[in-house]
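Shown below is the structure under consideration.
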Amino acid sequence: MYFEYLLDALLGPREILHSMECSVCGLEETYYRDPVSRRQLGRACYGCNFVQKFDF
């Protein structure tokens, strides 16, 4: 549940762009985009507890 709050705080409203296997832990790494502007927001992996926000 903490991970979802972290995503809400860093990325805000989002939708899944695509998912792939995480190269570190082997679980699913998910890429997110803004539902309105369709710009990529960032990526996150629940297994690694990793969140990266893209600033363009």
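Numbers here are sequence positions counted from 1.
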Once rounded to the nearest 0.5 Å, what's the spacing between atom OG of Ser19 and atom CG of Leu27?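 Reported to 0.5 Å precision, the distance equals 11.5 Å.
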Would you please classify the geometry between the His18 ring and the Tyr31 ring as parallel, tilted or perpendicular, with 30° and 60° separating the classes?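 The arrangement is parallel - the two ring planes meet at less than 30°.
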When you group the ILVMFWY residues by side-chain heavy-atom contacts below 4.5 Å and let the links chain together, are Phe50 and Leu7 in the same group?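 As far as the 4.5 Å side-chain criterion goes, Phe50 and Leu7 are not connected within one cluster.
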Can Leu10 be reached from Leu17 by stepping across I, L, V, M, F, W or Y side chains whose heavy atoms are under 4.5 Å apart?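 Hydrophobic grouping puts Leu17 apart from Leu10.
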If you look at every heavy atom in Ala44 and Phe3, which pair is closest and at what distance?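 For Ala44 versus Phe3, the nearest heavy atoms are CB-CZ, 3.8 Å.
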When you group the ILVMFWY residues by side-chain heavy-atom contacts below 4.5 Å and let the links chain together, are Val51 and Ile16 in the same group? yes
How long is the span from the CG atom in Leu11 to the CZ atom in Arg33, to the nearest 0.5 Å? 14.5 Å
Determine the minimum heavy-atom distance between Pro13 and Pro35, stating which atoms define it. O-CD, 3.6 Å
Can you measure from CZ (Arg14) to CG (Asp8) and round to the nearest 0.5 angstrom? 4.5 Å
How close do Cys22 and Cys48 get, counting heavy atoms only, and between which atoms?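 Shortest heavy-atom contact: SG-SG, 3.6 Å.
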Which heavy-atom pair separates Val36 from Asp34 by the least distance, and what is that distance? N-OD1, 2.8 Å
